[in-house]
Amino acid sequence: MPQSGAAINPFETAKRQIDIVADILRLDEGTRAVLKHPKREFTVNFPVRMDDGSYRVFTGYRVQYNMARGPSKGGIRYHPQVTLDEVRALAAWMTWKCAVVNLPYGGAKGGVICDPKHMSRGELERLTRRFATELVPIIGPEIDIPAPDVYTDSQTMAWIMDTYSQEKGYSVPGVVTGKPIAIGGSEGRGEATGRGCAYVIREAAPKLGLKLKGASIAVQGFGNAGSVAAKILNDEFGAKIIAASDSQGGIYNPEGINPHKVEEYKQKSGSVVKFPGAKSISNEEILELKTDVLIPAALENQLTSKNADKVQAKIVAEAANGPTVPEADKVFFEKKITVLPDILANAGGVTVSYFEWAQNLEGYSWSLAEVNDRLNHVMTESYARVHAVAEERKVDNRTAAYVTAIQRVVDAMRFRGFFP
Ligand code: NAD
């Protein structure tokens, strides 16, 4: 799990990124200022009854960053180090992520300062339902649609959906995504991030003359996103997984390892470490392996000025959010390493969240095949657009993705105008 909170103020980083793109797009001061301010911020302090009968006050946030392209979308995280600036930054990044894959959404994010590892299920349910009650006036299928994030899951979404529905007097499945399938969740949501990442890699590889069949893949962080990407690259595109890791360490075999067997082994033993037939390596070493594709799928700030020049991969596909720091990006651009940036490479999750919401509004469920087919279409189109912008402007893919996203948000703002 990624850690919440960071030494560098993430919202300052988010604003710097906006300035860089605003310079490229030659945006006027007024437009820049709108882009650098969250539209709406909600802070609430609310009491929760604990199991011992005492009451504790918790603080929760919801930031709706920009809604020019549609209702805002973004997860809710539970973590002791949640800050308002972190939530603002994450809400800005959701705005760009939804725009780069052209979903009719703005961006939002939420968080509650709490330590879910030290709370009972009952306490978490009461916290979630009370926070949801406070959110009722500002969320809804046409306003703002939360989803799971760090330390929240489909059960958390079910509680929010139920609480909101109780308030309205009827079931409103479209108020959240990432729900259990039994109450309107979508087929394919669980594997969407990894699948979307695999599709983007498939599109990028031929541009470098790389054939995915037999190509070597190293995955740092064999969790939800990383393991699914590995299995799809192996099963559907004939690539060879040569290394995988988790928080305990990594494994490596240049002849290839079966990702399904690794997953079974991890489920039994708790880690990929000591998987039979592979050599042990560290999480630092996995980033520096000779491999065609490197998938950082664990934490932020993994590829830095310290290790960027040792990276030998041809493609770095960011399943994780923020694994590459800007100094490393520069090195990769100079070394002609193709970076598939997070807002594109891991947007499969929010894309299938959008499908879930669309199915809820339609009152009709799509088959897994239909979900995957549409996901394939969105990821393929989005990669093509970002690649074209990168070529045209002679910039790296990350800059191209931001330029694409921010231009779309600005277009929406301009057509709507600044009322009154
Ligand atoms: P997860 O908890 O399922 O998996 C994370 C994996 O990383 C685990 O196997 C964990 O052991 C490993 N890990 C933790 N610390 C590590 C370390 N120091 N070195 C190597 N591995 C380490 O989480 P996930 O849902 O797969 O998310 C992973 C990343 O993908 C995060 O950055 C998340 O924000 C991003 N992401 C996930 C989704 C999604 O839908 N799951 C969507 C968008 C982005």
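Predicted model, so just to flag it, every value in this text is computed and none were measured. We count ligands from 1, going down the list as the structure has it; atoms in each ligand are counted the same way.
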Considering [options], which one's heavy-atom position lies nearest to [atom]?
atom	options	answer
atom 40 (O) of ligand 1	Thr193, Val272, Leu90	Thr193
atom 14 (C) of ligand 1	Ser247, Gly322, Gly348	Ser247
atom 28 (C) of ligand 1	Ala297, Gly223, Ala320	Ala297

Electrostatic pair [X]:[Y] at N-O distance under 4.0 angstrom:
X	Y	result
Asp144	Arg62	yes
Arg374	Glu370	yes
Asp162	Arg129	yes
Glu318	Arg398	yes
Arg32	Asp23	yes

Side-chain donor-acceptor pair present, Asn66, Thr95, cut-off under 3.5 Å: no
Gln312 versus Glu288, side-chain donor and acceptor atoms under 3.5 Å: no
With heavy atoms under 4.0 Å as the rule, classify the contact between [X] and ligand 1 as side chain, backbone, both or neither.
X	value
Glu284	neither
Asp342	neither
Asn283	side chain
Ala319	backbone

Atoms of ligand 1, numbered as shown, that sit under 4.0 Å from any heavy atom of Phe222: 9 (O)
Numbering as shown, the atoms of ligand 1 that approach Ala225 to under 4.0 Å (heavy-atom distance): 26 (O)
Gln302 near ligand 1 by a heavy-atom separation under 4.0 Å: no
Nitrogen or oxygen atoms of Ser245 and ligand 1 under 3.5 Å apart: no
